[in-house]
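Every number for a ligand or one of its atoms is a count from 1 in the order of the listing.
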Amino acid sequence: MDIRDAYVVRDAVNAGEVSAREVAEAALRRIEEADGTLKAFLTVEPERVLARAGEIDRKVKDGPLPLAGVPVAVKDNLCTKGLRTTCASKILEDWRPPYDATAVARLEAAGAVVVGKTNCDEFAMGSSTENSAFQATRNPYDLDRIPGGSSGGSAVAVAAGMATLALGSETGGSVRQPASFCNITGLKPTYGRISRYGLVAYASSLDCVAPMGNSPRDIALLLSQVAGRDGHDSTSSPEPVPDYEAELRRPVKGMRLGIPKEFFGEGLDAEVRAAIEAGVKNAESLGCEIAEVSLPHTPYAIADYYIIAPAEASSNLARYDGVRYGYRVDAPRDLLDMYQRTRSTGFGAEVRRRIMIGTYALSSGYYDAYYGRAMKVRTLIKRDYDLAFEKVDALVSPVSPTPAFKIGEKSSDPLSMYLSDIYTVTANLAGVPGVSVPCGFTREGLPIGLQLLGRQFQEGALLRLAQSYLDAFAPQAPALRV
Ligand code: GLN
């Protein structure tokens, strides 16, 4: 059973041609075969998966379900009731949430089957999935390379056929970048489009639940199930959820695409540049109009993001005190010793670095100079987008300045890791949606993703563009390594 297409799976299950249980068994077999090498999953409980699939088989007898039997992988920073949720951190190693994230609950209500929890950078802090306390996930196109991050496990689960769809999360590019490194599609929705309830908080003004799949069409199907207002998250938007399937059928001819010149500067790999330039030509041949635009505050984006995200993280992560959740050191001398040793041994190096940077940026006397000023720069970055979207309907750019790098290549150099987020973080700072869509391969066979950015709540337009692009120009992929 080929589980790469959500529509194929759900139509077959709804029609009774295949059972959800058989689909789940196929996903579990593929996990068994490939995940020893790829290490995308942190938790897979086969009995639970099969029991859940059995429930779907009973339910579809009463009528079709929009995601009947579709196997979904879930990033391990999304709460799953009774199923271990670690955030790839030692501090939550054995934590089993008492509730489901809204996005997970809505997927299950639509008939999807959660096959497992995927590896990520600890608390989603990173761009390579190497910051996991447990394992490094491998890129299925080159096993010596990272899959991207922080939602690397979710990207690999989809790319290697271990799940049909996946949930990841985005704070600064964590779904678009691994999607681009693994030749799949990833959507960062508008801030507030999908409820954050049950998404373990990293930087609350930036965090989004974000889907991944083999096609924009599949992502549209998932989004139509999970998007929309949720009483459990006051930042979830009341904006009505459009009919994304209908949006996908509309034409792309005449759409105006802007090329932000600041996204093509120094540091952009020559092969990535060539692939994106070819992608722009392809889009033009679909009938899109191309214009150059400017996002002049882009040079400040990395500095801005790496103040705001750690500042909010330092506040959010204060809750891991050894009392309320997960891990606690043995035999503390007193309360302070318990806090200190729990946090300094429970968190990994990158998380500790960000807590320290963020605490500094928020501390009295520095708040105005750092966090306060960073929020003002954020407004300027948002304004750049507003002005650009007065002229064009969407922006086209690379997702990442380079293809997937080698495992270990950047792990001792946090600054070079941070700089690789240059083309993704501004969408999070501005709250606008973005898609990464496969657009080519390097000579060495590494995937390259093209980024499309749009106006707030224009996910439908982005997915339509992305799907039309793939229908006409999907790159020929080399064989996977496993
Ligand atoms: N790489 C960025 C960071 O480390 C983005 C992470 C994310 O989107 N969760 O913060």
Side-chain angles (χ1 to χ4, degrees), residues 74-78 87-89 118-132 137 146-155 166-181 186-191 194 196 199-212 301-317 347-358 361 374 378 399-402 404-405 409-411 413-436 449 451 453:
V74 176
K75 186 176 182 178
D76 214 20
N77 64 349
L78 281 152
C87 294
S89 180
T118 57
N119 195 27
C120 55
D121 288 296
E122 186 176 1
F123 286 100
M125 296 177 192
S127 312
S128 67
T129 311
E130 291 166 294
N131 293 336
S132 167
T137 301
I146 55 104
S150 62
S151 313
S154 284
L167 290 179
S169 71
E170 272 247 8
T171 303
S174 276
V175 152
R176 285 165 289 158
Q177 185 254 29
S180 84
F181 286 180
L187 168 73
K188 179 248 174 244
T190 307
Y191 182 78
I194 302 177
R196 290 186 295 119
L199 169 65
V200 176
Y202 163 12
S204 304
S205 75
L206 298 160
D207 294 344
C208 298
V209 174
M212 305 167 116
I302 291 292
D304 199 46
Y305 173 85
Y306 279 98
I307 295 289
I308 294 172
E312 296 183 12
S314 73
S315 162
N316 275 324
L317 271 57
F347 289 131
E350 183 61 26
V351 173
R352 293 202 305 275
R353 174 163 30 241
R354 301 220 187 170
I355 291 173
M356 286 189 278
I357 292 172
R378 180 177 186 173
V399 176
S400 172
T402 66
F405 41 91
E409 189 179 324
K410 292 184 198 259
S411 37
D413 183 358
L415 207 54
S416 98
M417 188 84 86
Y418 298 171
L419 286 170
S420 71
D421 297 337
I422 178 67
Y423 306 137
T424 49
V425 293
T426 55
N428 302 75
L429 290 165
V432 301
V435 174
S436 170
Q451 173 165 249
L453 298 165

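- There is no side-chain donor-acceptor pair under 3.5 Å between N77 and Y202.
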Mind running side chain to side chain contact (heavy atoms under 4.5 Å, CB included) on R378 and D304 for me, showing each step along the way? CA-CA 7 Å; R378 180 177 186 173; D304 199 46; 3.7 Å; yes
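- A side-chain donor from one of N428 and E170 sits under 3.5 Å from a side-chain acceptor of the other.
- Relative ring orientation between F181 and F405 is described as perpendicular, the plane-to-plane angle rising above 60° on a 0-90° scale split at 30° and 60°.
- Under the 3.5 Å distance criterion, with hydrogens and angles disregarded, a donor-acceptor pair is assigned to the side chains of K75 and S151.
- Side-chain atoms of S204 and E312 include no donor-acceptor pair closer than 3.5 Å.
- Near ligand 1, residues A124, M125, G126, S127, S150, E170, T171, G172, G173, S174, Y202, Y305, Y306, R354, D421 come within 4.0 angstrom through at least one heavy atom.
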